[in-house]
Amino acid sequence: MKTKTFNWGILGAGKIAGKFVQDLATVNGAVLYAVASRSMDKAEEFAEKHKVKNFYASYLELVEDENIDVIYVATPHTFHFEHSMLCLEHNKAVLCEKPFGINLEQVETMISKAKQKNIFLMEALWTQFLPHFQFVMDLLESKEYGDLLGLEADFGFNAPFDAEKRIYNKELGGGSLMDVGIYPVFLALSLLGNPEEITAEARIGSTGVDENCTVKLSYSNGAKALLYSAITETTPTTATLKFEKAMLIINSRFHEPSSVSIETNGKLETKEFPVTTHGYNFEAAHVQKMLDENRTESNLMTFEKSKKLISILDRIRKEINLEY
Ligand SMILES: NC(=O)c1ccc[n+]([C@@H]2O[C@H](COP(=O)([O-])OP(=O)(O)OC[C@H]3O[C@@H](n4cnc5c(N)ncnc54)[C@H](OP(=O)(O)O)[C@@H]3O)[C@@H](O)[C@H]2O)c1
């Protein structure tokens, strides 16, 4: 049987778009069909470098291209709403980078639009689709090690200070929580669900964004999650899960393809999950599967999960007085 093909459009020719298309090239049936940038030179350079068939100097031309099946939105956080809506208005399926929107209101509007148009939309929370993450979720469900009592997870990296750059720029949704803190929060949501109580504190830097953020999530069953994110220092970027009968460590960096170590009765065993790509191919293949099945919502990274995730981020931002 012939593999069904999907023509992908890339909206925004930045850093992550470059990595994503490298992995997309490994996905069966994926066609790197077009890229759009705000600048013709950049679009052409990206297309040449990554062997993309077509390039455009405006996002509008991309969404108007009749041949495109699905668009990957890879612009800064504060543009995810505008650009996803632009795609949906033009009846294009969307895979939008994380965070899905800048607040719950935006995410709910995007989801309503997708439902109204009957078009596929998904948040590109790639960890959801990685083999080691699936392994951890299966283990949790099996209750092999009993209940999960607590979680500690961090994600910090040292981004050189530049007030204009996306990471430090408030206009572009900068700060640690929305950029990397989203991963520990996503993990806590996946493992423990919606927290009952949230406390958080942050160091707000000179550009008005959180340079680090410490979060404590408390759950009705007594479990706790202690989370940390930073853009001014590198941290282990591991996740430690405390089960009744074992301690499980998702090794560094826990949000990307990684290994999992399990300690029981003083014995440590590590399970590897070798991957030959960055790991973005798994989410892309999932999107194609969903499209092939004529679905308008992912059965894994569901609308409900994205709404819960952004709601927790909203609540944390309220605690640290950070408004975009
Ligand atoms: N999943 C992951 O592992 C991962 C990793 C990194 C980032 N991300 C997410 O991907 C998004 C982009 O991150 P990035 O690191 O790729 O950022 P980046 O290198 O700054 O690229 C963002 C691109 O967005 C476009 N853009 C449109 N309007 C813009 C504006 N007003 N200012 C700046 N750029 C604008 C630009 O493309 P043109 O100039 O070509 O139009 C720019 O190159 C973020 O939301 C981030 O959370 C995800």
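Both backbone and side-chain heavy atoms feed into the values below; hydrogens, waters and symmetry mates do not. Counting starts at 1 for both ligands and their atoms, in listed order.
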Residues S190 and K305: side-chain donor-acceptor under 3.5 angstrom: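 Yes, a side-chain donor-acceptor pair sits under 3.5 Å.
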NZ/NE/NH1/NH2 to OD/OE distance under 4.0 Å, K113 and E89: yes
Which atom pairs, one a donor and one an acceptor, fall under 3.5 Å between side chains of residues 260-270 and the rest of the protein, sequence neighbours left out?
from	atom 1	to	atom 2	distance (Å)
S261	OG	N251	ND2	3.0
S261	OG	T270	OG1	2.8

Name of the residue among V52, I10, N54 meeting side chain to side chain contact (heavy atoms under 4.5 Å, CB included) with Y33: N54
Under 3.5 Å, which donor-acceptor pairs do the side chains of residues 17-26 form with other protein atoms, sequence neighbours left out?
from	atom 1	to	atom 2	distance (Å)
Q22	OE1	H278	NE2	2.7
D23	OD1	H278	N	3.2
D23	OD2	H278	N	3.2
D23	OD2	G279	N	2.9
D23	OD2	Y280	N	2.7
T26	OG1	D23	O	2.6

By salt bridge (charged side-chain N to carboxylate O under 4.0 Å, His left out) - contacts of E44 (at least two apart):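 E44 satisfies salt bridge (charged side-chain N to carboxylate O under 4.0 Å, His left out) with no residue once adjacent residues are dropped.
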Close-range residues for ligand 1, whose non-hydrogen atoms fall below the 4.0 Å threshold: G12, A13, G14, K15, I16, S37, R38, K42, Y59, A74, T75, P76, H77, F79, H80, E97, K98, W126, R166, L172, D179, Y183, Y280
